[in-house]
K.L.:
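This is the structure, below, for whatever I ask next.
All values below come from the heavy atoms of this structure, side chains included, with hydrogens, waters and symmetry mates left out.
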Amino acid sequence: MIDVEALAREIACRMSPDALLDAEDVAAMLKVTPRYVTEQYAGAPGFPGAIRLTGPDGRRSKPRWQRSDIAQWISSHRNGASKAGGRPRKPIF
C-alpha cells in the first residue's frame, strides 16, 4: 500500500527552491542519467557546486545540489549560451 501522505510530503519537499536534490533528482530535471550528472555536469565550469553534508559518524554524504541553483543554471543555458564563454554557435533556421 502506498502512503499517499508521505509521498505528497516528499514531492512538496523536493519542489521547494531550497530543496537539496541528489543526482537522481537533478538527472530527472535535465533528462539525463544520474551517472551523467556526476561524471559530466558536476565537474563542468559554471555548474553549481555540490553540497556534501557530514553525518554524525563524520562521513560525508553523497553530493546534493540546491534546486534554485540548478534551475538558475538551466535558465542560463537555455539557448546554448553559457556564462563560461566559448565559441559562438551558429543559429539553426
K.L.:
Supply the members, apart from Met1, of the Ile/Leu/Val/Met/Phe/Trp/Tyr cluster built from side-chain contacts under 4.5 Å; use none for a lone residue.
P.N.:
none
K.L.:
Using a 4.5 Å cut-off between side-chain heavy atoms of Ile, Leu, Val, Met, Phe, Trp and Tyr, which other residues end up in the same hydrophobic cluster as Ile74?
P.N.:
Leu21, Val26, Met29, Leu30, Val32, Tyr36, Val37, Tyr41, Phe47, Trp65, Ile70, Trp73
K.L.:
Give the other cluster members for Leu20, using side-chain heavy-atom distances under 4.5 Å between Ile, Leu, Val, Met, Phe, Trp and Tyr residues; answer none if it is isolated.
P.N.:
Ile51, Leu53
K.L.:
Enumerate the residue pairs fulfilling salt bridge (Lys or Arg N to Asp or Glu O under 4.0 Å) with a member in residues 27-36, sequence neighbours excluded, ordered by first and then second residue.
P.N.:
Arg35-Glu39
K.L.:
Show the nearest heavy-atom pair for residues Glu24 and Pro34, with the distance to one decimal.
P.N.:
CG-CG, 3.8 Å
K.L.:
What residue pairs, at least two apart or across chains, pass salt bridge (Lys or Arg N to Asp or Glu O under 4.0 Å) with a residue in residues 48-64?
P.N.:
Asp22-Arg64
K.L.:
Sorted by first residue and then second, give each ring-ring contact (aromatic ring centres under 6.0 Å, His included) pair with at least one member in residues 8-33; sequence neighbours left out.
P.N.:
none
K.L.:
Among residues at least two apart in sequence or on other chains, which ones pass side chain to side chain contact (heavy atoms under 4.5 Å, CB included) with Ala6?
P.N.:
Asp3, Arg9
K.L.:
Applying side chain to side chain donor-acceptor pair (under 3.5 Å), can you list everything that pairs with Glu10, at least two apart in sequence or on another chain?
P.N.:
Arg14
